[in-house]
Amino acid sequence: DEASRPIRGGLIADDMGLGKTLQVLCVFSFLAARDQLRPSLVIAPLTLLDNWENEVRKFIPNSVRLPIARLNQTPRGYESTLAQHDLVLTSYETLARRDVELGRIPWKVVVCDEAQKIKNPSTRMAHAAKAMNARLYLGITGTPVENSLDELWSIMDFVQPGLLGSLLDFRKAYASKAVLDNPSAREAAATELKSRLAPMVLRRLK
């Protein structure tokens, strides 16, 4: 029953330059003001971790007192230490290596930046991200579909598992119709898919 399905997350899929990161920082600020942010996890490509830390300190009020941890600087076996930080930053590669440790922590929010990194549901990165235990899951990507609709299914399986059924069911319902020669069938499938995703997806175009 889609109407009664609890929403556990969302996908911010705006075009580049429209402020996807800033929107997540607004969520962080809202939760931090209510003491509901600690601990939260941001998973991002290694090259973006410095940017995340800088943006948090720049845009979140009182960020000087906001404890931030970098997972690659924290030894294994220190889950309790990690849980004392408002934000923990890690790369996808480190997440895949330390997924069991991180999976024990009850996160408030887990964010996947450049979420196309988990577009292949069979990779260890995708399995690790989806194994995290959190109250809220957020995906950020300007390219939710790069090569096939399977990628969108995998990202949504992180944000809202079960919404699109199994991968096999999704392929039958949508992916197979996307390549049909019948324009009306393609349009009907696309309209239905957009309707199902609407409560969880924000996509603004330039």
Side-chain angles (χ1 to χ4, degrees), residues 5-13 20-21 23-25 27-28 30-32 34-53 55-56 66-141 144 150-168 170 200-201:
R5 182 189 299 275
I7 295 178
R8 77 164 203 171
L11 174 63
I12 303 175
K20 295 186 291 293
T21 302
Q23 291 180 69
V24 174
L25 293 181
V27 174
F28 285 172
F30 177 86
L31 294 175
R34 290 155 180 77
D35 197 25
Q36 296 176 2
L37 181 63
R38 179 179 301 183
S40 292
L41 176 69
V42 173
I43 310 159
L46 181 62
T47 54
L48 295 183
L49 294 184
D50 284 342
N51 181 68
W52 265 99
E53 185 163 358
E55 296 291 276
V56 167
L66 186 69
I68 300 174
R70 294 280 284 268
L71 186 58
N72 61 342
Q73 300 168 355
T74 307
R76 289 180 181 272
Y78 280 75
E79 299 97 325
S80 59
T81 300
L82 290 174
Q84 293 172 10
H85 293 268
D86 283 356
L87 288 178
V88 176
L89 308 179
T90 188
S91 67
Y92 283 93
E93 292 76 13
T94 303
L95 171 77
R97 292 195 302 270
R98 300 179 65 173
D99 55 337
V100 174
E101 174 188 356
L102 295 177
R104 297 191 185 105
I105 298 173
W107 304 103
K108 294 294 194 304
V109 185
V110 171
V111 176
C112 276
D113 190 11
E114 300 293 345
Q116 67 271 17
K117 294 279 283 185
I118 59 170
K119 67 183 182 181
N120 184 340
S122 64
T123 64
R124 182 163 182 179
M125 288 182 189
H127 284 295
K130 296 173 187 182
M132 295 301 101
N133 172 28
R135 294 177 58 186
L136 176 66
Y137 298 79
L138 296 175
I140 311 173
T141 176
D150 283 9
E151 299 167 358
L152 176 63
W153 178 90
S154 184
I155 294 171
M156 290 307 301
D157 190 47
F158 164 76
V159 170
Q160 186 75 15
L163 175 70
L164 299 177
S166 68
L167 180 55
L168 181 60
F170 176 76
M200 275 70 67
V201 176

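As the structure is a computational prediction, the values presented were derived from the model and not from experiment. Nothing fancy with the numbering, it's 1 onward along the sequence.
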Beyond-backbone contact of [X] with [Y], side-chain heavy atoms, under 4.5 angstrom:
X	Y	answer
T90	R98	no
L41	L71	no
K130	P121	yes
V111	F28	yes
Y137	C112	no
W52	T21	yes
V56	L25	yes
K117	I43	no

Query raised in the report: side-chain contact (heavy atoms from CB on, under 4.5 Å) with L11: which of I140, L138, I155?
Result: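 Running side-chain contact (heavy atoms from CB on, under 4.5 Å) over I140, L138, I155 with L11 returns exactly one hit, I155.
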
Which atom names give the shortest non-hydrogen contact between [X] and [Y], and what distance separates them?
X	Y	answer
H85	I68	ND1-C, 3.8 Å
D99	M132	O-CE, 3.5 Å
A115	T141	N-CB, 3.8 Å
G162	D157	N-OD1, 4.2 Å
G139	V159	N-CG2, 4.1 Å
Q160	G9	OE1-N, 3.7 Å

Atom [atom1] in [X], atom [atom2] in [Y]: separation rounded to 0.5 Å?
X	Y	atom1	atom2	result
L48	L46	CG	CG	9.0 Å
L82	W107	CG	CH2	5.5 Å
T94	M125	OG1	CE	9.5 Å
H127	L95	NE2	CG	12.5 Å

Requested in this report: May I ask you to decide if V109's main-chain N or O and S40's side chain share a donor-acceptor pair within less than 3.5 Å?
Outcome: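 Checking the backbone N and O of V109 against the side chain of S40, a donor-acceptor pair under 3.5 Å is found.
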
Report task. Indicate yes or no for a side-chain donor-acceptor contact from W153 to the backbone of G165 under 3.5 Å, with no hydrogens or angles considered. Result ->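 Checking the backbone N and O of G165 against the side chain of W153, a donor-acceptor pair under 3.5 Å is found.
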
Query - Residues that D86 engages under side chain to side chain contact (heavy atoms under 4.5 Å, CB included), provided they are two or more places apart - result: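 Expected list: L37, R38, L66, P67.
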
Query raised in the report: So, D113 and K20, do they make that salt bridge, N to O below 4.0 Å?
Result: no

Query raised in the report: Who pairs with K108 by salt bridge (Lys or Arg N to Asp or Glu O under 4.0 Å), at least two apart in sequence or on another chain?
Result: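 Salt bridge (Lys or Arg N to Asp or Glu O under 4.0 Å) check on K108 returns nothing, list empty.
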
Query raised in the report: Does anything in residues 42-51 pair up under salt bridge (charged side-chain N to carboxylate O under 4.0 Å, His left out), and if so which pairs, sequence neighbours excluded?
Result: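 As it turns out, the salt bridge (charged side-chain N to carboxylate O under 4.0 Å, His left out) pairs with a partner in residues 42-51, which skip direct neighbours, are D50-R70.
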
